[in-house]
Structures are given as structure tokens and as C-alpha cells.
Amino acid sequence: ALNGAIGANLLPDNGYCSNDTISISSCNGQTSLNYNGHDYDLVEIGGQCWFKENLQTTTFRNGSSIFKADSSILYSATAYSIGYFDINCNPIGNNTTYGIIDSSFFNFYGVTISNYNGGNISLTNTLTSAYSWPNFDSSLNANNYGALYNYYAVSDANELCPTGWHIPTDCEWMYLENTLGLTAVEQQATGSRGSNQGGMLKSINSWAAPNTWATNNSGFSGMPSGLIQHSTVSLPFLAQINFYCSYLNTVYSNDLYYHSANPQSSGLNSGNSWWASDGYTRSLTNSSGQIERSTSNGYNYKSIRCLKD
């Protein structure tokens, strides 16, 4: 359970958050936390306890692995061709082509196909939780900038943050912004807001010039880890397709990953964007002291900070 209060009490002038529970939990003197083999520094801001660095876990809270998206691999296909299958589910012909992913690379379907010897093929698919690294390079960038995650990982029921922690909501980000001095009207607005409050979140080092208003007065130590997005196609996605072939009550399976286009990394050293748990983002740039609030497509990859329950 979250340790906090509803927004009507904590942010009385912010009607958007009036019914939301906002976590207010002290670090109680704790300065670091080990999670999945990495020691994270902590910082307390306005009574909230935050990770002082970006999350870099490659597994969920329960130990399940997260799929790694890599620019060197193109996960794409417009159809999967099948025909008849032998007792071991090996294809022995190619009489029919069944489309899995349509020409827009966005809609995809599960189908069941029966073959002549009584077995069947079924295909199911889901949007896939995934992570990557800034510029796709963990050796250079993991410790400084953390990992980047798509929104399917953010909303995954397996959970990214450690037990007792969570990805902050849009309103919990607003509470942080309120602590920094954003007015209630500014908190609820989208686009670039405030004046120098973004500078209070930015690390003084590592940002490209001019690193406007960077003071890191809050101790948040925001680093310019950039983001990964798909600038070359309008409707990209990453899907996991589970391929099952069953014959005489025996099931064979294989996981196939499809990506509609190679992801593009950008903004390293000049910007950063963090997910809120409900799909909003907070972004900073080297040329502004403001904080941008916006929404983002789930297939883009951004940073994550964890907040104490």
C-alpha cells in the first residue's frame, strides 16, 4: 500500500489529481538500495524518496527476463508461410500462406490452421515488453544513463521496480514539480512548463552545452540518456508471436519476435525523457530549464525512476 494521501489534500489547487493517491514516504536516512545486482543511490525530495539514478534492470521484479531490442536486428515479416506438417511439426510443403502481420506492420492476428494428419498450428501474439540501452551500448552507457524501456514494460504486471517501490504516476510527478515551484495550472498543462524547475532536476555534468539553468538543486541528478524511437515509420511495434504445433497431444513451441522497423537512438547528452506509470512522460533538454509533460507512443523507449511506496 502507498504511504501518502489523496491529491485533494496534497495538491488542493490541482483538480486533475484530486482523487489520486500520491505516495509520500521518507528515505528514513537510507542512501542506497541494491536491486538486481546494482546499487542505486537514493534522494529525498519534498518528503518523497526517489531513485537518484535511472533504472537499469534487465529482469522484472519476479526475475523474469525482459526482451532486449537491438538496432542490429530487424524483427520484421509480413507473413508466415506454412503448409502441411509431419509428426514432428516440420513443414513438408508450402501450399498456403497465412498472414500474421498486415501490410501496415501494425495489425497482427492469431490463427489456427489444421493440417491433413490431425495436428494443428496455432499462433498467438502480444505486444512485447522490451528494453534497450542508450545508443544500444551497455558497456559505455549503462552505469551513467541506465536502460531505456518501452511502455509495455512499464505497464507489465511483472513490475520493473523492486518490492516497496513503483514507477511514479503522473500526479506523483506533479507533486515533485509542486515541490520545485510549478503552479497548479502549470502542473496540469502539457508541453514545456515553468522556467528553471527543469534545471533543478538536471545534473550539472554530462549534458551538452548550454545546459540551461542546470543547478541540480533538488539532488535528482537527471542525466541526458536520450531516447529510442521510430522516426522512419508511422506505426511501429514489437510483437512476440508464440508458435505452437500440436500432434497427438504433444505441443511444440517457439517464440518469434517481430519488429516493424529498426529503432533509432537519439538525444544522448542533450535530452532525457522519463515514463510515468499512466503513460505520460517528463522530458528535459540541454537548451531549456523547463519541464515538458506529454504523452508518448508505447513503442518508444525512455528512462525510468522508481519511487518509494
Side-chain angles (χ1 to χ4, degrees), residues 33-41 50-76 125-163 165-169 222-231 233 236-242 255-269 271-284 295-307:
L33 174 75
N34 184 276
Y35 178 51
N36 289 344
H38 180 75
D39 289 321
Y40 292 90
D41 290 335
W50 291 79
F51 274 25
K52 195 177 180 178
E53 53 191 284
N54 294 337
L55 191 67
Q56 59 173 278
T57 185
T58 60
T59 60
F60 289 106
R61 177 188 295 179
N62 63 5
S64 299
S65 61
I66 310 169
F67 181 75
K68 179 176 178 289
D70 193 323
S71 68
S72 65
I73 305 172
L74 181 64
Y75 310 90
S76 66
N125 45 70
T126 57
L127 290 166
T128 301
S129 301
Y131 79 97
S132 194
W133 302 104
N135 277 1
F136 308 104
D137 192 331
S138 62
S139 63
L140 290 178
N141 299 320
N143 285 332
N144 287 332
Y145 302 111
L148 303 172
Y149 303 87
N150 65 12
Y151 185 68
Y152 310 115
V154 171
S155 58
D156 197 298
N158 289 317
E159 302 194 58
L160 284 168
C161 291
T163 301
W165 297 75
H166 63 279
I167 298 170
T169 65
M223 295 288 282
S225 54
L227 72 162
I228 295 175
Q229 58 188 348
H230 303 262
S231 58
V233 291
F237 71 92
L238 177 64
Q240 177 183 3
I241 298 177
N242 299 309
D255 291 338
L256 307 173
Y257 290 90
Y258 290 93
H259 214 305
S260 66
N262 277 339
Q264 308 295 316
S265 180
S266 63
L268 186 64
N269 299 325
N272 195 5
S273 187
W274 290 278
W275 284 113
S277 62
D278 36 14
Y280 278 90
T281 62
R282 295 301 189 278
S283 303
L284 308 175
T295 57
S296 179
N297 291 310
Y299 46 71
N300 291 328
Y301 297 74
K302 299 172 184 287
S303 298
I304 288 174
R305 289 291 180 100
C306 296
L307 179 66

Are the side chains of [Y] and [X] in contact, using a 4.5 Å heavy-atom criterion?
{"X": "Asn54", "Y": "Ile304", "result": "no"}
{"X": "Gln56", "Y": "Asn143", "result": "yes"}
{"X": "Tyr149", "Y": "Ser129", "result": "no"}
{"X": "Ser273", "Y": "Ser296", "result": "no"}
{"X": "Ile66", "Y": "Thr58", "result": "no"}
{"X": "Leu160", "Y": "Leu55", "result": "yes"}
{"X": "Lys302", "Y": "Thr281", "result": "yes"}

Original post:
Within the distance-only criterion (no hydrogens, no angle test), does the side chain of Glu53 pair as donor or acceptor with the backbone N or O of Gly146 below 3.5 angstrom?
Top reply: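 Side chain of Glu53 to backbone of Gly146: no pair is present.
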
Original post:
Does Arg61 reach the main-chain N or O of Asn158 with its side chain, forming a donor-acceptor pair under 3.5 Å?
Top reply: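 Checking the backbone N and O of Asn158 against the side chain of Arg61, no donor-acceptor pair under 3.5 Å is found.
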
First locate atom [atom1] of [X], then atom [atom2] of [Y], and finally report the distance between them rounded to the nearest 0.5 Å.
{"X": "Asn150", "Y": "Asn300", "atom1": "CG", "atom2": "CG", "value": "9.0 Å"}
{"X": "Met223", "Y": "Leu284", "atom1": "CE", "atom2": "CG", "value": "12.5 Å"}
{"X": "Leu227", "Y": "Ser283", "atom1": "CG", "atom2": "OG", "value": "7.5 Å"}

**OP:** Measure centre to centre between the rings of Trp275 and Tyr151, then say whether the value is under 6.0 Å.
**Re:**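 Between Tyr151 and Trp275, which both carry aromatic rings, the centre distance is below 6.0 Å.
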
**OP:** Determine, using ring centers only, whether Trp133 and Tyr145 are less than 6.0 Å apart.
**Re:**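 Ring-ring flag for Tyr145/Trp133: false, centres at least 6.0 Å apart.
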
Original post:
Going by atom types only, do Asn135 and Asp137 share a side-chain donor-acceptor pair under 3.5 Å?
Top reply: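 Asp137 and Asn135 do not have a side-chain donor-acceptor pair below 3.5 Å.
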
Original post:
Using a distance-only test with no angle check, is there a side-chain donor-acceptor pair under 3.5 angstrom linking Glu159 and His166?
Top reply: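 Glu159 vs His166: no donor-acceptor pair found between side chains.
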
What are the two closest non-hydrogen atoms of [X] and [Y], and how far apart are they?
{"X": "Phe60", "Y": "Asn36", "answer": "O-ND2, 4.2 Å"}
{"X": "Leu307", "Y": "Pro168", "answer": "CD2-CB, 4.1 Å"}
{"X": "Gly298", "Y": "Tyr152", "answer": "O-CE1, 3.5 Å"}
{"X": "Ser225", "Y": "Asn272", "answer": "OG-OD1, 2.8 Å"}

**OP:** Only pairs at least two apart or in different chains count here, so list each salt bridge (Lys or Arg N to Asp or Glu O under 4.0 Å) that has a residue in residues 273-284.
**Re:**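 Pairs touching residues 273-284 that pass the test: Asp170-Arg282, Glu177-Arg282.
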
Original post:
Taking it one step at a time, do Leu148 and Ser303 satisfy side-chain contact (heavy atoms from CB on, under 4.5 Å)?
Top reply: CA-CA 5 Å; Leu148 303 172; Ser303 298; 3.4 Å; yes

Subject >> Arg305: partners by salt bridge (Lys or Arg N to Asp or Glu O under 4.0 Å), with sequence neighbours left out >> reply: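 Once residues adjacent in sequence are excluded, Arg305 has no partner under the salt bridge (Lys or Arg N to Asp or Glu O under 4.0 Å) criterion.
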
Original post:
With Phe51, which of Trp274, Tyr35, Trp165 fulfils ring pair (Phe, Tyr, Trp, His ring centres under 6.0 Å)?
Top reply: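 When ring pair (Phe, Tyr, Trp, His ring centres under 6.0 Å) is applied between Phe51 and each of Trp274, Tyr35, Trp165, only Trp165 qualifies.
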
Original post:
How far apart are the C-alpha atoms of Phe136 and Asn141, what are their side-chain angles, what is the distance that settles it, and do they pass the side-chain contact (heavy atoms from CB on, under 4.5 Å) test?
Top reply: CA-CA 8 Å; Phe136 308 104; Asn141 299 320; over 6 Å; no

